[in-house]
Amino acid sequence: MSKDERDDIVQYSMSRRKFLGLSAAGAAGASLTGLGFDKLQAYAAKHGDVAKTTIPDGEVHTLCEMCVWRCGVIAKVRDGKITKLEGNPDHPHSRGKLCPRGQAGLGMTYDPDRVKTPLIRVGKRGEGKFRKVTWEEALDYTAARMNELKEKYGAESMIFSTTHNLIQQQFENLLRAYGSPNYGTQRGLCFNAMITANSLTWGLDEPGRDYTDTDYVIYTGRNLMEAISNSETQDLVEALAKGAKVVVLDPRFTKTAARATEWVPIKPGNDLAFYLAMLHEIIKNDWYDHEFVEEYTHGFDQLAEEVRQYTPEWAEQRCDVPAENIRRIAREFSVAAPRAFAHPNWRTSNFENSFQTERAIAALNAICGCWSQPGSLQPAAGEGEGVELGGIPQPPYPRVRALRLDGVPWQHPVVPLKLGIFQKNRDAILTGKPYQAHGWFIYRQNPLSSISDRRKTLEAFSKLDFIVTIDIIMNDTAYYSDVILPEATYLERYDPLMVMEDSVFIRQPVIKPLFDSKPGLWIFQEIGKRLGLEKYFQYDGEEDYITQQLKPLDVTLEELKNKGYFTVVKEHTGEHSEELHFGTKTGKVELSSTVLEQLGMKGVPHWQEPMTPSENQFYLLTGKVATHTQFATQNNEYLHDLFPENPLWINTKEAEKRGIKNGDDIYVESEIGKVKTKAYVTEGIRPDSVFMVAGFGHVSKGLRTAFNEGVSDSDLHISYTDPVSGSQALSQTFVKVYKA
Ligand code: SF4
């Protein structure tokens, strides 16, 4: 091998932290000082010297992408480097503030571990050996492999998956033009139960919430103070300050529970019993909104009949909440209604019965008339609605005849087939049924970390002929891929426009892409061209794409770039419509679902017994912290310093029984795996439960900060799927804990 050839080889082999002899705990202890401007500036100065840009000093209005909430950002540029990110006061999602992850966005753009050039694997999968190649070679190779698989096994042999993002439509454009039915997003891994239940009840995916005038809110496992959705978290803080009562059902004393008026340490998987008893109590005592029920709902009598059996005493036996408390909360909620809502949450307790829980929550809101009133749930237009944008021409797509990998037989009739059940694709690769998949095209997603049972996912990868990943850093999935195409970060590229109600917002480059990274819009177009699909990608660069989108609107790209947003019509008056329309079959709020009835299922929310751990086992709960977004931010040095690893929360008495002290090394063992971590002994969790923050324990040696820091919940989680909504039921995994 010549010197030039040797220089082209990248061999990931050592954690920089190990190399420097730094311990994670030491790093954390030295820097838990808050998010100081000076530190961010120093950070930019240290890492920003790679920026070769002609962008002048000043401010650029763009959108954050450190999570999916997409807050408005004002980025400050000095000497060609981004020195500070601030919340845009004009953007409804940020209102002038950014969360810790948003402020630490510089750490992503200036991450020294970014993939700097396209890479093609030369070693074995997982060996971490790649060859640096030009974009030309990487794209030619990717398209050639995709065409080869299509010719040999059909387009359906290629799986395409991504997260929710602004460029998703172009991603879907690529897969539909290519002709594969196998498309996956994280819906099944996250909030399918909530979306399915709400769409069957209200006829829309996720109701809005009006915190401005609310007097009473109940959360079920939703932890807004840590799993931050910026503007909604601000809403909650303001509602509390104004005196709203906030009840948090959670087995763990989260930061939201700490700020709430009342923490209800409910037994995992049994929040359904709590809500069925709430419905029982409110209907039995005639505390419901007769007018709303008669005029706008369907199936009240069946619901009343069903919940007759679910007394608070019955529920107490299951959910471990005293009957008198359930009665009191039912009374308080119905008195506060309609200036009240039980939040739709994202996952509730994350059991196979979570769909029923979500249906019960929706029914509770409906019978109390908590809809389209000040302080209640709202039918408000969400993201993606309200403004008609222009689009690039999309000629007809080829007809797809093949069935989906996860769709034979299709067992989740209330889930849109085109979205499927993501985690089942992995299992279909393993069984080779209904047919064998051969390739996986992965964009801004990390299935190796996000799908439960990582060993199974690795085994599935080993059965594939070709894996291509587009990402910014060498995440775990990229590390096991054959080709890695480095994307520019959200501070270096345009994305298709964001629409919110009557406004459009722009994500635009603050600096030029660092290293040899490229924007997603360019990457898709170049792959499309090489696949012979150029007619689906009719735009001449990123700016032309946005200009085509802006065609129906009275604003130029330059004007939009200057201000960051454009409002199409005058602001809403805030008045609530007298006329209510629901997108269900009956046009009413379906307390008894006609769709479920037609499928031969019970139409009303009903009890579904959850699995329970055996003696000496705990419920394994997982969740978020304010400083990380799922699996994506652990390598961000700034966020890593704030929260470097994920010890296991265990109740004081249970720890004592096992001789475990705070900080001790412990083993956590489920049916499918065992990890070694540290104990965090606390009164803030039920004795039957343990908890860890998800997203740690990275296996990629290309993540020199995050590699091997903390442990992965995916090594413990068993794959359970809710049979109706197709959601992962993560908290049904039970574990043993003992001293190492
Ligand atoms: Fe960024 Fe935080 Fe807003 Fe998410 S919530 S978009 S991370 S500022």
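We count ligands from 1, going down the list as the structure has it; atoms in each ligand are counted the same way. From a predicted model like this one, the values you see are computed outputs, not experimental measurements.
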Electrostatic pair [X]:[Y] at N-O distance under 4.0 angstrom:
X      : Y      : value
Glu492 : Arg114 : yes
Lys84  : Glu59  : no
Asp235 : Arg95  : yes
Arg339 : Asp210 : no

| request: Could you tell me the residue and atom name of the protein heavy atom closest to atom 1 (Fe) of ligand 1, and the distance to it rounded to 0.1 Å? | output: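 For atom 1 (Fe) of ligand 1, the nearest protein heavy atom is Cys64 SG, 2.4 Å.
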| To the nearest 0.1 Å, how far is atom 2 (Fe) of ligand 1 from its closest protein heavy atom, and which atom is that? |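 Closest protein heavy atom to atom 2 (Fe) of ligand 1: Cys99 SG, 2.3 Å.
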Please could you name the atoms of ligand 1 that [X] approaches to less than 4.0 Å, counting only its heavy atoms?
X      : result
Met66  : 7 (S)
Arg70  : 6 (S)
Asn230 : 3 (Fe), 5 (S)

| message | Regarding Cys71, does it place an N, O or S atom less than 2.8 Å from atom 1 (Fe) of ligand 1? | response |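 Within the cut-off used here (under 2.8 Å), Cys71 places no N, O or S atom near atom 1 (Fe) of ligand 1.
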| field | Heavy-atom side-chain proximity of Asn635 to His698 below 4.5 angstrom | value |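 A side-chain contact under 4.5 Å is absent here.
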| message | Could you go through Glu238 and Tyr211, starting from their C-alpha distance and side-chain angles, then the distance that decides it, and tell me whether this counts as side chain to side chain donor-acceptor pair (under 3.5 Å)? | response | CA-CA 8 Å; Glu238 282 160 25; Tyr211 285 79; over 6 Å; no
| query | N/O/S atom of Cys67 under 2.8 Å from atom 4 (Fe) of ligand 1, yes or no? | reply |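 Yes, Cys67 qualifies, because one of its backbone or side-chain N, O or S atoms lies under 2.8 Å.
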| Taking non-hydrogen atoms only, is Glu65 closer than 4.0 angstrom to ligand 1 via side chain, backbone, both or neither? |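 Answer for Glu65: neither.
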